[in-house]
Peer 1: 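Supplied in structure tokens, the structure appears directly below.
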Amino acid sequence: MSELTHLDDDGRARMVDVGGKPVTRRVAIAEGRLDTTAEVVGLVRSDGLKKADVLPTARIAGIQGAKRTSELIPLAHIVPLDAVSIDFGFDDAAITIRATVSTTARTGIEMEALTAVAVAGLTLHDMVKAVDPAASLGGIRLVEKRGGKRGVWRADDAGTIGADAAHADEPTDAAPSRRAVVLVSSTRAAAGTADDTTGPVIAAWLAERGLEPGAPRVVADADLSDALRQAVAESPAVILTTGGTGVNPSDRTPEATRAVLDQELPGVAEAIRAAGRSATPTAALSRALAGVAGRTVVVNLPGSRGGVHDGLAVLADLLPHLLDQVAGGDHAPRPRHPRHPEDGPGHAAHGVAAGTASGEADRLEHGGAPHA
């Protein structure tokens with residue numbers, strides 16, 4: 001067990017000096033549960049309690065709790081919050097609470113996430129106590145934290161919350177995940193009024209490369225943020241989204257993506273834009289992002305089959321090396337290709353042109369230019 005940092009040499013409480021730490025993006029996820037009765041769960045889900053708006057009230061309370069953590073926990077630092085989200089789930093006789101908190105700062109944000117869960121849970125208890133005074137709040141724990149010099153720590157990897165603090169948040173040596181998630185942002189497809197034409201294409205492409213994508217997850221534009229946070233929490237190797245990257249008021253995929261990323265990869269996003277722009281000028285309007293969340297590679301693709309084709313063509317060359325790097329691999333040696341007089345600039349240009357022509361044919365087959 002490492003030394004307790006909140007005590008000085010004489011055993012007196014102190015606030016740790018974090019002035020010398022680098023400013024990095026940090027994320028903490030905590031969870032808890034309110035054990036109650038099946039009747040209460042049904043009433044909360046149907047908004048049938050006399051104290052109405054149970055979940056919205058608890059959500060706001062949790063957010064306020066995260067913002068007031070430094071006032072409640074004596075030695076906690078005052079940390080500027082980038083975002084706080086509170087999500088609820090339901091078991092047969094319990095309401096689950098999950099808080100995701102992010103900051104760009106010199107110190108971690110675990111206490112803010114834990115406080116958010118505790119305050120949201122206490123608020124739930126207050127709202128249901130007239131029906132079930134025996135309701136029990138518990139199981140509050142840190143699930144994951146990211147950022148800082150030790151990278152990623154997950155409770156499932158550590159095996160126990162009480163693991164040695166000197167090593168608990170260091171990346172494990174476990175084999176990298178081969179799981180992948182495909183998220184389709186389409187309000188019409190989620191409602192069943194349009195077909196999902198891009199998700200299956202992406203899933204098949206991932207499967208061809210030895211990844212395990214499962215069925216595409218089709219969600220309405222407004223639900224993409226929650227779906228993406230949930231996907232990141234599952235810690236797959238890759239998350240590829242499609243749709244919602246343009247400038248339509250309902251297009252919110254870039255905003256949802258930026259909220260979960262620890263590191264952005266602007267070169268990847270720009271390469272995908274450039275591939276589409278060579279055939280369709282409106283591809284320049286795409287606001288798509290790419291980056292890394294923990295050990296998960298996240299890339300936004302356009303919402304059309306032609307745009308997806310162009311994006312996957314770019315990723316075909318980048319993804320294997322990117323996954324290796326995220327898993328801690330060394331830099332791959334640059335391939336050495338002997339140059340011949342006939343292998344001039346036209347040789348490389350031919351490959352690009354061939355890919356572009358293929359993408360253009362796909363667009364024409366499926367009804368024109370891609371959506372951003």
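For the numbers below, each heavy atom of this structure counts, side chains included, while hydrogens, waters and symmetry mates do not. Every value quoted in this text rests on a predicted model; they were computed, and no experiment measured them.
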Peer 1: Going hydrophobic residue to hydrophobic residue with side-chain gaps under 4.5 angstrom, can you get from Leu319 over to Val201?
Peer 2: yes
Peer 1: Going through the distances and angles, do Thr69 and Leu72 end up as a side chain to side chain contact (heavy atoms under 4.5 Å, CB included)?
Peer 2: CA-CA 5 Å; Thr69 298; Leu72 300 171; 5.7 Å; no
Peer 1: Can you sort out the partners of Glu112 under salt bridge (Lys or Arg N to Asp or Glu O under 4.0 Å), two or more places apart, ordered by chain and number?
Peer 2: none
Peer 1: Would you mind reporting whether Leu315 and Leu240 have side-chain heavy atoms less than 4.5 Å apart?
Peer 2: yes
Peer 1: Closest approach of Leu81 and Val84, non-hydrogen atoms and distance?
Peer 2: CD1-CG2, 3.7 Å
Peer 1: For Ala155 versus Arg141, what's the shortest heavy-atom pair and its separation?
Peer 2: CB-NH1, 3.6 Å
Peer 1: Would you confirm whether Thr198, through its side chain, and Ser304, through its main-chain N or O, come within 3.5 Å as a donor-acceptor pair?
Peer 2: no
Peer 1: Tracing side-chain links under 4.5 Å among I, L, V, M, F, W and Y, which residues wind up in one group with Val23?
Peer 2: none
Peer 1: Under 4.5 Å between side-chain heavy atoms, chaining through other members, with only Ile, Leu, Val, Met, Phe, Trp and Tyr counted: pull out the rest of the cluster around Leu224, sorted by chain and number.
Peer 2: Val181, Leu183, Val219, Leu228, Val232, Ile239, Val260, Leu261, Val298
Peer 1: Side chains of residues 116-128: which donor-acceptor pairs under 3.5 Å do they make with residues two or more places apart or in other chains?
Peer 2:
{"from": "Thr123", "atom 1": "OG1", "to": "Val119", "atom 2": "O", "distance (Å)": "2.8"}
{"from": "His125", "atom 1": "NE2", "to": "Ala135", "atom 2": "O", "distance (Å)": "2.8"}
{"from": "Asp126", "atom 1": "OD1", "to": "Lys129", "atom 2": "NZ", "distance (Å)": "2.9"}

Peer 1: Between His321 and Gln325, is any pair of side-chain heavy atoms under 4.5 Å apart?
Peer 2: yes
Peer 1: If I take atom CG from residue Leu34 and atom CG from residue Leu137, how far apart are they, to the nearest 0.5 angstrom?
Peer 2: 6.0 Å
Peer 1: Taking Ala93's backbone N and O only, do any of them form a donor-acceptor pair with Thr36's side chain (distance below 3.5 Å, no angle check)?
Peer 2: no
Peer 1: For residues 192-204, which residue pairs pass the salt bridge (charged side-chain N to carboxylate O under 4.0 Å, His left out) check, not counting sequence neighbours?
Peer 2: none
Peer 1: Roughly how far apart are Arg59 CZ and Ser85 OG, rounded to 0.5 Å?
Peer 2: 9.0 Å
Peer 1: To the nearest 0.5 Å, what is the distance between OG1 (Thr103) and CZ (Arg26)?
Peer 2: 8.5 Å
Peer 1: Do Thr241 and Leu301 have side chains that approach each other closer than 4.5 Å (heavy atoms only, starting at C-beta)?
Peer 2: no
Peer 1: When you measure from the side chain of Thr115 to the backbone of Gly65, do you find a donor-acceptor pair of N or O atoms at a distance under 3.5 Å?
Peer 2: no
Peer 1: What's the spacing between Ser286 OG and Ile272 CD1 if we round to 0.5 Å?
Peer 2: 8.5 Å
Peer 1: Counting distance only, does the side-chain N/O of Thr280 pair as donor-acceptor with the main-chain N or O of Thr282 below 3.5 Å?
Peer 2: no
Peer 1: Step by step, would you call Glu110 with Lys145 a salt bridge (charged side-chain N to carboxylate O under 4.0 Å, His left out)?
Peer 2: CA-CA 7 Å; Glu110 301 95 314; Lys145 61 177 181 176; 2.8 Å; yes
Peer 1: Does the side chain of Ile202 come within less than 4.5 Å of Pro216's, by heavy atoms?
Peer 2: no
Peer 1: Measure across Ile109 and Val27 and return the closest heavy-atom pair with its distance rounded to 0.1 Å.
Peer 2: CG2-C, 4.1 Å
Peer 1: Indicate the atoms forming the closest heavy-atom contact of Ala283 with Gly276, along with that distance.
Peer 2: CB-C, 3.5 Å
Peer 1: Identify the two heavy atoms, one from Arg179 and one from Pro236, that lie closest to each other, and give their separation to 0.1 Å.
Peer 2: O-CB, 3.5 Å
Peer 1: Using a 3.5 Å distance criterion without hydrogens, assess whether the side chain of Arg146 forms a donor-acceptor pair with backbone atoms of Asp262.
Peer 2: no
Peer 1: Indicate yes or no: at least one non-hydrogen side-chain atom of Ile29 is less than 4.5 angstrom from one of Arg98.
Peer 2: yes
Peer 1: Look at the side-chain heavy atoms of Ile, Leu, Val, Met, Phe, Trp and Tyr, link any pair under 4.5 Å apart, and say whether Val314 and Leu323 land in one connected group.
Peer 2: yes
Peer 1: Can you pull the side chain to side chain donor-acceptor pair (under 3.5 Å) pairs that have at least one residue in residues 201-211, sequence neighbours excluded?
Peer 2: none
Peer 1: What heavy-atom pair brings Ser70 and Ala76 nearest, and what distance separates the two atoms?
Peer 2: CB-O, 3.9 Å
Peer 1: Quick one: side-chain hydrogen bond (donor to acceptor under 3.5 Å, both in side chains) partners of Glu255, sequence neighbours excluded?
Peer 2: Arg287
Peer 1: Can you name the salt bridge (Lys or Arg N to Asp or Glu O under 4.0 Å) partners of Glu264, sequence neighbours left out?
Peer 2: Arg258
Peer 1: Could you state whether Ile97 and Leu49 fall into the same hydrophobic cluster, counting links through intermediate Ile, Leu, Val, Met, Phe, Trp or Tyr residues with side-chain heavy atoms under 4.5 angstrom apart?
Peer 2: yes
Peer 1: Quick one: which residue pairs count as a salt bridge (charged side-chain N to carboxylate O under 4.0 Å, His left out) with a foot in residues 35-46, not counting sequence neighbours?
Peer 2: Arg33-Asp35
Peer 1: Would a single hydrophobic cluster contain both Ile86 and Val41, if residues Ile, Leu, Val, Met, Phe, Trp and Tyr are joined by side-chain heavy-atom contacts under 4.5 Å?
Peer 2: yes
Peer 1: Would you kindly confirm whether Val44 and Ile60 end up in one hydrophobic cluster when ILVMFWY residues are joined by side chain heavy atoms under 4.5 Å apart?
Peer 2: no
Peer 1: Can you list every salt bridge (charged side-chain N to carboxylate O under 4.0 Å, His left out) pair that touches residues 214-236, not counting sequence neighbours?
Peer 2: Asp87-Arg229, Arg217-Glu234, Asp226-Arg229
Peer 1: Strictly distance-based, threshold 3.5 Å: is any side-chain N or O of Thr96 a donor or acceptor partner for the main-chain N or O of Phe88?
Peer 2: no
Peer 1: Taking only residues two or more places apart in sequence, or in another chain, which ones meet Glu71 in a salt bridge (Lys or Arg N to Asp or Glu O under 4.0 Å)?
Peer 2: Arg68
Peer 1: Identify, with sequence neighbours excluded, every residue that meets side chain to side chain contact (heavy atoms under 4.5 Å, CB included) alongside Leu265.
Peer 2: Val268, Ala290, Val292, Leu322
Peer 1: What distance separates Asp82 CG from Thr104 OG1, expressed to the nearest 0.5 Å?
Peer 2: 3.5 Å
